[in-house]
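Single-structure report; data block below.
We count ligands from 1, going down the list as the structure has it; atoms in each ligand are counted the same way.
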Amino acid sequence: MRVLGIESSCDETGIALYDGERGLLGHALHSQVAMHAEYGGVVPELASRDHIRRALPLTRRVLEQAGCTLADVDAIAYTQGPGLAGALLVGASVAHGLGVALGLPVVGVHHLEGHLLSPRLADPKPEFPFIALLVSGGHTQLMRVDGVGRYRLLGETLDDAAGEAFDKTAQLLGLGYPGGPAISRLAEDGDAYRYKLPRPMLNSGDLDFSFAGLKTAVLTLVKREGLKHAADIAAAFQLAAVEVLAAKAIEAMRQSGLDRLVVAGGVGANKQLRERLDAEARRRRFEVYYPPLDLCTDNGAMIAYAGALRLAGAGPGDGRFSIRPRWDLGELAAP
Ligand code: KG4
Ligand code: ZN
């Protein structure tokens, strides 16, 4: 079965074609980062309008890459939520428009389920069950994943998400949006030990996170020191964030007794986080799996893939046109 995936939940239009037997046949992405940069964050109305402009040209490009036409598509998957309502509506409309025109089943996919399952697009792919560290701009969660739709929340952030902390810290340091890659680049020239930042909830005895205090500590530091040593502040921040994320992930591995850790979401692209987790995995004898680097941040491939798994398990679903801007991953059931 070939599934066309459409992602439009935030500031990236992602389209992909996934084949149940041959894997990913093509994917294309348009990032709106440059458009939103001058506003310091995503402007929802501009995002929606840009998704409208990009969705069909990207679809054509993906089909060309794959050597296919619309006649070769068997089903359509789109991001139903969570995300920006107007942006989600664009993907839902394109998906259902194509579905009606072509007489194809249409399935709505949970964006975080897409992220969670995306490491299975890499080779080798993690088998179930595994622990997932989901670290994106909107979420920071540790989940136990026993299969498609079988997710148990083990811990999550009580305030800011990890990616949000990177973005807000970047703003304090006068760097652009999105902050993650910018902090990471600046930190390479910095001394992570010139300043000591807090490790919030490191010893809280549970698997929850908190990043708001870390951001406030950076604010205090910037007020005191100015931006003369911005690279050192970026490095200290990154080290603190990575240490907490890694420590909690390792604790989840220990408590669960599982030996596979999956890292997904935009912050999963962070080089220092990867190095830290890889080193811990070697030492503690577990495996860590990441999505291919270009599929860490939002993309259509993860939506096409999750859609294919859902369609394989449950048939076409009810095919209703709907979006869910707020949607808890825990509400999902197995297909
Ligand atoms: O998963 P994603 O593309 O979108 C959401 O669903 O939120 O994640 C975006 C987040 C942003 O906060 C961005 O700053 C962060 O991922 N990010 C990074 C890196 N690349 C992206 N954070 C740290 N290091 C990176 N290399
Ligand atoms: Zn995402």
Side-chain angles (χ1 to χ4, degrees), residues 5-14 16 27 29-33 36-37 40-42 44 47 78-84 87-88 91 109-119 121 132-141 156-157 160-173 175-188 190 209 211 214-215 218 234-235 237-246 262-277 290-303 305-306 325-327 329:
I6 302 173
E7 153 65 29
S8 71
S9 65
C10 188
D11 60 349
E12 257 125 15
T13 321
H27 78 103
L29 190 78
H30 177 79
S31 168
Q32 304 175 353
V33 159
H36 296 295
V42 178
Y78 68 99
T79 303
Q80 194 175 6
L84 301 170
L88 290 169
V109 169
H110 194 294
H111 180 83
L112 294 181
E113 179 171 52
H115 275 305
L116 264 191
L117 298 175
S118 64
L121 284 164
L133 174 66
L134 193 64
V135 273
S136 72
H139 292 83
T140 302
Q141 301 182 328
E156 65 183 332
T157 182
D160 292 353
E164 196 178 353
F166 272 90
D167 293 336
K168 288 179 174 171
T169 298
Q171 223 166 18
L172 292 174
L173 295 180
L175 304 173
Y177 168 86
I183 294 262
S184 189
R185 270 194 306 275
L186 184 62
E188 290 201 0
F209 304 85
F211 290 101
L214 184 53
K215 173 198 65 194
V218 173
F237 164 79
Q238 180 173 251
L239 182 63
V242 163
E243 263 186 32
V244 177
L245 289 171
V262 158
V263 183
V267 184
N270 186 271
K271 195 165 142 236
Q272 208 189 22
L273 178 63
R274 287 183 173 219
E275 283 171 3
R276 170 67 66 114
L277 289 174
Y290 307 93
L293 204 54
D294 58 337
L295 302 183
C296 268
T297 46
D298 293 348
N299 63 84
M302 66 185 196
I303 302 305
Y305 178 64
R326 290 176 182 275
W327 190 6
L329 190 60

Steps toward side-chain hydrogen bond (donor to acceptor under 3.5 Å, both in side chains) verdict (Glu156, His139): CA-CA 8 Å; Glu156 65 183 332; His139 292 83; over 6 Å; no

Can you check side-chain contact (heavy atoms from CB on, under 4.5 Å) on Glu7 and Asn299, steps first, answer last? CA-CA 6 Å; Glu7 153 65 29; Asn299 63 84; 6.0 Å; no

Passes side-chain contact (heavy atoms from CB on, under 4.5 Å), Leu116 versus Leu134? Steps please. CA-CA 7 Å; Leu116 264 191; Leu134 193 64; 4.3 Å; yes

Show, in sequence, the C-alpha distance, side-chain angles and deciding distance for Phe237 and Leu173, and conclude whether the side-chain contact (heavy atoms from CB on, under 4.5 Å) test is met. CA-CA 11 Å; Phe237 164 79; Leu173 295 180; over 6 Å; no

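Relative ring orientation between Trp327 and His110 is described as tilted, the plane-to-plane angle lying within the 30° to 60° band.
Using a cut-off of 2.8 Å, one finds that Cys10 contributes no N/O/S atom close to the Zn ion (ligand 2). Under 2.8 Å from the Zn ion (ligand 2) lies no N/O/S atom of His139, from backbone or side chain alike.
Between the side chain of Tyr290 and the backbone N or O of Arg274, at least one donor-acceptor pair lies under 3.5 Å. With hydrogens and angles disregarded, no donor-acceptor distance shorter than 3.5 Å links the side chain of Thr157 to the backbone of Thr140.
Taking a cut-off of under 4.0 Å to the non-hydrogen atoms of Ala269, the atoms of ligand 1 that pass are 26 (N). Every atom of ligand 1 is numbered from 1 in the order shown, and the set under 4.0 Å from a heavy atom of His115 is 1 (O), 6 (O). Residue-ligand proximity, Gly179 to ligand 1, at heavy-atom distances under 4.0 Å covers atoms 14 (O). Ligand 1 places these atoms under 4.0 Å from at least one heavy atom of Asp167: 11 (C), 12 (O), 13 (C), 14 (O). Every atom of ligand 1 is numbered from 1 in the order shown, and the set under 4.0 Å from a heavy atom of Gly138 is 7 (O).
Annotation: Gly137 places an N or O atom under 3.5 Å from an N or O atom of ligand 1; distance criterion only. An N or O contact shorter than 3.5 Å links His111 to ligand 1 by distance. By the 3.5 Å distance cut-off applied to N or O atoms, Gly180 is counted among the residues near ligand 1. The shortest N or O to N or O distance between Gly163 and ligand 1 is below 3.5 Å. Considering backbone and side-chain N/O atoms, Asp298 comes within less than 3.5 Å of an N/O atom of ligand 1. Ligand 1 has no N or O atom lying under 3.5 Å from any N or O atom of Thr297, backbone or side chain.
Heavy atoms only, all atoms of each residue included: Asp160 and Phe211 are closest at O-CD1, 3.5 Å. Scanning both residues, Ala162 and Val135, for their nearest heavy atoms gives CB-CG1, 4.1 Å.
Proximity of Pro82 to Pro325: side-chain heavy atoms (C-beta onward) are nowhere separated by under 4.5 Å. Annotation: side chain of Met302 is not in contact with side chain of Leu295 (no heavy-atom distance under 4.5 Å).
In this structure, Pro181 is part of the shell of residues with a heavy atom less than 4.0 angstrom from ligand 1.
Minimum-distance N/O/S atom of Asp298 relative to the Zn ion (ligand 2): OD1.
For atom 21 (C) of ligand 1, the closest non-hydrogen atom of the protein is Gly266 O, 3.4 Å.
With a 4.0 Å heavy-atom cut-off, ligand 1 is reached by the backbone of Asn270 and by its side chain too.
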